[in-house]
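Each remark here refers to the structure printed beneath this line.
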Amino acid sequence: MDLFYRSTRSNSDGVKASQAILKGLAEDGGLYMPESIPCLDKSLKEFAEMTYQETAYEIMKLFLTDFTEAELKDCISKAYDSKFDTKQIAPIVEKDNTYFLELFHGATIAFKDMALSILPHLLITSAKKNNVKNEIVILTATSGDTGKAALAGFADVKGTRIIVFYPKNGVSPIQEKQMITQKGENTFVVGITGNFDDAQTGVKQLFGDRALAETMDQAGFQFSSANSINIGRLVPQIVYYVYSYAQLLKTGNIENGEKINIVVPTGNFGNILAAYFAKHMGVPIAKLICASNENKVLYDFFDTGIYDRNRAFVLTSSPSMDILISSNLERLIYLTAGADANRNVEFMKALAAEGKYEISADMRENMKDFYGNYASEQETADTIKTLFEKTGYIIDTHTAVAAAVLSKYKKETNDKTKTVLASTASPFKFTRSVMNAIDTKYDAMEDFALVDELSKIAKVKVPKAIEEIRTAPVLHNTICDKEDMKSVVMKFLGV
């Protein structure tokens, strides 16, 4: 039985998984959602004996039903290989009564690698299945990590080009260096004079420009997305929540059927939505703890039922979470509104026109699995310092936001449920913020000296991703105003 995908904004006919992956965003501006969330068809004990790759196949086959077994296994084997520095792909480290799920062992040392290592292969396979003759142009807005992970995944992949927009002054120095030194004839990186929300809005406008789509088609191109709005990004993220539960079961840290909590540092809402999907597939998850930084639009939403982006945008030490429009939240709104596209459209219209909307009491009841809170910059820094002094384990700023919020949750509720924390980036990606949190004396050191010092005190080898950019030349230096994104895209494509 094929699983079909529908837009969150219309009741039009569903499309197959490969078509949803190719399109990225539905033509009406909505996000693709499966008509139902499938249930696990293997027991948790069976999953406990599987490798990451085997787990990935068992989960993804349930969602990507128009892919053959051979096609899917080929995509998985190409994605989860020696690019990762551990055979486990997503190892779990227990520190201070918390299970840190390390999602940063891929090529760009951030959790985005978990999905963006496989997306190019899913996309190319989808193009073949649908007899696509056009060159696929990946358009992506990034708050720091998606951009590099997408660039690394798509670099020199035949039949594709990739254009990444990032906020020029809104990412860490290491994040920027990773992007602007990216090799690949088909890659293009653009800094915009605005914030992430400006970049994301600009990309959505390009997707919704029908005249541009026609011009592109005539020139032999078509757009697709590598952002977390693409279900080809969302589905692979479900895998590591199933895998982490199974691994805890295998090691005897939990009993079969025992519920766990999951805490996720959250920006665009895709990562924690994947955990929500895993719960509804049958993974015994109790609370989904949504951790925000000082851009606490999601905390306020779960607290009040009002989503309101009308507020100051704060640049923090956890830039991948510096977001006021959490795109993937639309999928949760759609689900909790009873998969009612018309209701969802009204909320999205209000968000576009007034910058806010308020959900109903029944929808809030349907979101009771979620708990939201936030961490200030000081709380984030204190969490890094305290955990290091207590255990010797060093976490990045985003992971620290999640750890700080978990601490608040435990104090509020006295909940003793075992918890998996999504550790979304290596501390080496945010070296200055991490080292300053440990001791302000480090602030006088230059960026790569800090890298070596972090390696020394953490007793961890400098990741390959960092070593590669020490002396790498800058290959991308384009800067544009947010209003000029369309012309920059057309110029790069020669349209």
Side-chain angles (χ1 to χ4, degrees), residues 8 25 29-31 112 139-147 164-172 175 191-208 225 227-229 233 264-273 289-334 344 346-359 367 370 372-377 379-380 397-398 401-402 404-405 424 481-483 485:
T8 53
L25 195 68
L31 310 188
K112 306 294 173 72
L139 274 188
T140 295
T142 185
S143 53
D145 288 337
T146 290
V164 169
F165 291 97
Y166 74 97
K168 174 60 184 163
N169 297 309
V171 300
S172 80
Q175 284 178 312
I192 70 157
T193 54
N195 59 39
F196 169 73
D197 289 329
D198 295 324
Q200 183 165 251
T201 299
V203 165
K204 284 184 175 180
Q205 286 171 347
L206 291 171
F207 272 108
S225 166
N227 276 76
S228 57
I229 55 176
R233 277 278 308 276
V264 184
T266 310
N268 223 8
F269 208 75
N271 199 357
I272 196 165
L273 185 71
I289 302 169
C290 178
S292 300
N293 63 18
E294 289 183 4
N295 292 290
K296 56 188 182 70
V297 64
L298 287 167
Y299 161 62
D300 291 338
F301 170 68
F302 285 117
D303 189 45
T304 66
I306 300 170
Y307 192 95
D308 187 354
R309 65 176 174 85
N310 299 309
R311 62 184 71 204
F313 185 94
V314 185
L315 290 173
T316 74
S317 61
S318 47
S320 297
M321 299 162 68
D322 290 348
I323 293 172
L324 294 181
I325 305 173
S326 300
S327 288
N328 270 291
L329 185 65
E330 180 172 344
R331 287 186 161 113
L332 182 65
I333 296 295
Y334 173 79
N344 179 61
E346 292 307 311
F347 292 124
M348 295 307 119
K349 280 182 179 176
L351 183 64
E354 302 155 33
K356 65 178 182 178
Y357 58 82
E358 182 171 7
I359 62 171
M367 293 182 192
F370 288 89
N373 214 319
Y374 80 102
S376 68
E377 284 291 88
E379 288 168 334
T380 302
T397 45
H398 303 74
V401 167
V405 166
T424 52
D481 291 330
K482 58 187 179 183
E483 295 81 11
M485 290 169 64

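Treat the numbers as computed from the prediction; the structure is a model and nothing was measured. Keep in mind that the numbers below use all heavy atoms, side chains included, and drop hydrogens, waters and symmetry copies.
In terms of heavy-atom proximity, Val297 sits nearest to Ile323 at CG1-O, 3.9 Å. Closest approach of Val164 and Gly147 over heavy atoms only: CG1-CA, 3.7 Å. For the pair Pro265 and Ala402, the tightest heavy-atom approach, listed with the atom from each and the gap, is CD-CB, 3.7 Å. The nearest pair of heavy atoms linking Ile333 to Phe301 is CD1-CZ, 3.8 Å. Minimum heavy-atom separation, Pro319 to Gly170: CB-O, 3.5 Å. Considering all non-hydrogen atoms of both residues, Asp322 and Leu315 come closest at OD2-CA, 3.6 Å.
Between atom CG of residue Leu31 and atom CG of residue Leu273 there is a gap of 9.5 Å, rounded to the nearest 0.5 Å. Note that the CD atom of Gln200 and the OG1 atom of Thr142 stand 10.0 Å from one another [nearest 0.5 Å]. Rounding to the nearest 0.5 angstrom, the gap separating the CD1 atom in Ile272 from the SG atom in Cys290 is 4.5 Å. Atom NZ of Lys296 is separated from atom CE of Met321 by 13.5 Å, given to the nearest 0.5 angstrom. With values rounded to the nearest 0.5 angstrom, Tyr166 atom OH is found 14.5 Å from Asn195 atom CG. With values rounded to the nearest 0.5 angstrom, Leu329 atom CG is found 10.5 Å from Phe347 atom CZ.
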Verdict with supporting geometry, Thr8 and Met348, side-chain contact (heavy atoms from CB on, under 4.5 Å): CA-CA 10 Å; Thr8 53; Met348 295 307 119; over 6 Å; no
Begin with the C-alpha distance, continue with both residues' side-chain angles, and end with the deciding distance and a verdict on side-chain contact (heavy atoms from CB on, under 4.5 Å) for Asn271 and Thr424. CA-CA 9 Å; Asn271 199 357; Thr424 52; 3.7 Å; yes
Can you check side-chain contact (heavy atoms from CB on, under 4.5 Å) on Phe269 and Leu298, steps first, answer last? CA-CA 9 Å; Phe269 208 75; Leu298 287 167; 4.0 Å; yes
Can you list the steps and then say if Asp308 with Asn310 is a side-chain hydrogen bond (donor to acceptor under 3.5 Å, both in side chains)? CA-CA 5 Å; Asp308 187 354; Asn310 299 309; 3.0 Å; yes
In sequence, state the C-alpha distance, the side-chain angles, and the governing distance for Phe165 and Val203, and then conclude on side-chain contact (heavy atoms from CB on, under 4.5 Å). CA-CA 8 Å; Phe165 291 97; Val203 165; 4.0 Å; yes
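By the 30° and 60° cut-offs, the orientation of the rings of Phe302 relative to Phe370 is parallel.
Side chain to side chain, Glu294 and Ser376 fail the donor-acceptor criterion of an N or O pair below 3.5 Å. Using modelled atom types and a 3.5 Å distance limit, the side chains of Thr193 and Lys168 yield no donor-acceptor pair. Judged purely by distance below 3.5 Å, without hydrogens or angles, the side chains of Lys204 and Ser327 pair a donor atom with an acceptor atom.
Counting heavy atoms from C-beta on, the side chains of Lys112 and Arg233 come closer than 4.5 Å. Within the 4.5 Å cutoff, side-chain heavy atoms of Thr397 are placed close to those of Ser317.
The main-chain N or O of Val405 is never found under 3.5 Å from a side-chain atom of Asn373 such that the two would form a donor-acceptor pair. Proximity of a side-chain donor or acceptor of Thr266 to a complementary backbone N or O of Val264 within less than 3.5 Å is detected. Between the side chain of Glu330 and the main chain of Gly30, no donor-acceptor pair closer than 3.5 Å is present. A donor-acceptor distance shorter than 3.5 angstrom exists from the side chain of Gln175 to the backbone of Ser172, with no hydrogens or angles considered. No donor-acceptor pair under 3.5 Å is formed between the side chain of Ser326 and the backbone N or O of Asn268. No donor-acceptor distance shorter than 3.5 angstrom exists from the side chain of Asp198 to the backbone of Lys482, with no hydrogens or angles considered.
Under a 4.0 Å N-O distance rule, the pair Arg311/Asp300 qualifies as a salt bridge.
Taking Tyr374 as the reference, Tyr299 meet the ring-ring contact (aromatic ring centres under 6.0 Å, His included) condition, with sequence neighbours excluded.
If you run side-chain hydrogen bond (donor to acceptor under 3.5 Å, both in side chains) between Ser318 and each of Asn295, Asn293, Thr380, only Asn293 comes through.
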